[in-house]
Amino acid sequence: MTNGYAATFWPLTMCLFTKLFNYVYTGRVLNVVLSTLCIGVTYKLCYEVSGNQKTALLSARLFAYMPFSIVVCCFPIKDIFIMLGTMYAFFIFVRVQNNRKVTIWQWALLAGFLIGIFNSRGAVTELLLIFFFVYWLQQVVKAK
């Protein structure tokens, strides 16, 4: 239990990947993969916000060379997963705000991230859901 939340997702993920691949450094390899995916989500999010490919590419490059995203891959900790899930949630949130199409696959992936984050660090999921709710409430009030 961490601050009232069952923080079971990430330790179980590490145990499952270690058992599945029979390799003790699987958690580090998984963090490298998640960090690489995070660079792609950074690009997509910045492109969605700015609409400029050069700005999005620069932000992805800056994120790629950020010390946090490089150093955290050395340890099997959940921070990269939480960052990836949070950035993906904001990507979907911006797409919804811009009235862009969000596929069922993207909603399912977002739900998976939110469930994983809730079982790792619950308050982040609650904060993201509050953002979605406030935006929805604003749209309802604006429609009246």
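Numbers for residues simply follow the sequence, beginning at 1. These numbers were taken from a predicted model, which means no experiment stands behind them.
By the criterion of side-chain heavy atoms lying less than 4.5 angstrom apart, applied directly or through intervening Ile, Leu, Val, Met, Phe, Trp or Tyr residues, Leu62 is not grouped with Val49; the two fall into different hydrophobic clusters. Leu129 and Phe91 fall within the same hydrophobic cluster, defined by Ile, Leu, Val, Met, Phe, Trp and Tyr side-chain heavy atoms under 4.5 Å apart, directly or through other members. Residues Leu84 and Trp107 share a single hydrophobic cluster, defined by chaining ILVMFWY side chains whose heavy atoms lie under 4.5 Å apart. Linking Ile, Leu, Val, Met, Phe, Trp and Tyr residues whenever their side-chain heavy atoms come within less than 4.5 Å places Phe17 and Leu34 in a single cluster. Under the 4.5 Å side-chain heavy-atom criterion for ILVMFWY residues, a single connected hydrophobic cluster contains both Phe81 and Phe63.
For the pair Phe132 and Leu110, the minimum side-chain heavy-atom distance is below 4.5 Å. For the pair Leu30 and Met14, the minimum side-chain heavy-atom distance is below 4.5 Å. Between Leu57 and Arg61, the closest side-chain pair of non-hydrogen atoms falls below 4.5 Å.
Within the 3.5 Å criterion, the main-chain N or O of Lys101 finds a donor-acceptor partner in the side chain of Arg95. Judged purely by atom type and a 3.5 angstrom limit, Thr125 uses its side chain to pair as donor or acceptor with the backbone of Leu114. Remark: side-chain polar atoms of Thr36 are paired, donor with acceptor, to backbone N or O of Val32 under 3.5 angstrom. A distance-only check finds no donor-acceptor pair linking the side chain of Asn98 to the backbone of Arg100 [under 3.5 Å].
Here the NZ-CD1 distance, from Lys44 to Ile39, works out to 13.5 Å after rounding to the nearest 0.5 Å. The distance from atom OG1 of Thr26 to atom CG of Asn31, rounded to the nearest 0.5 Å, is 11.5 Å. Taking CG of Leu20 as the start and SG of Cys15 as the end, the distance is 12.5 Å to the nearest 0.5 Å. From Phe131, atom CZ reaches atom CD of Glu126 across 13.0 Å, with rounding to the nearest 0.5 Å. Atom CG of residue Leu45 and atom SG of residue Cys38 lie 10.0 Å apart, to the nearest 0.5 angstrom.
In terms of heavy atoms, Phe9 sits closest to Ser120 at CD2-OG, 3.4 Å. Across Thr42 and Met87, no two heavy atoms sit closer than the pair OG1-CE, 2.7 Å. Between Ile117 and Ile82, the closest heavy-atom pair is CD1-O, 4.0 Å. A pairwise comparison of heavy atoms in Cys46 and Ser59 identifies SG-OG, 3.0 Å as the closest pair.
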Test ring pair (Phe, Tyr, Trp, His ring centres under 6.0 Å) applied to Tyr23 and Tyr25, step by step: CA-CA 6 Å; Tyr23 186 57; Tyr25 293 111; 5.7 Å; yes

Stepwise side-chain contact (heavy atoms from CB on, under 4.5 Å) test for Ile92 and Gln106: CA-CA 8 Å; Ile92 296 297; Gln106 290 173 324; 3.8 Å; yes

Residues Asn52, Tyr47; criterion side-chain contact (heavy atoms from CB on, under 4.5 Å); working and verdict: CA-CA 6 Å; Asn52 187 346; Tyr47 186 76; 5.9 Å; no

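A 6.0 Å sphere centred on CG of Asn22 holds no more than 12 heavy atoms belonging to other residues, nucleotides or ligands. Atom CD of Gln53 has 12 or fewer heavy atoms from other residues, nucleotides or ligands within 6.0 Å.
Between Phe133 and Trp136, the two ring planes are tilted [angle within 30° to 60°].
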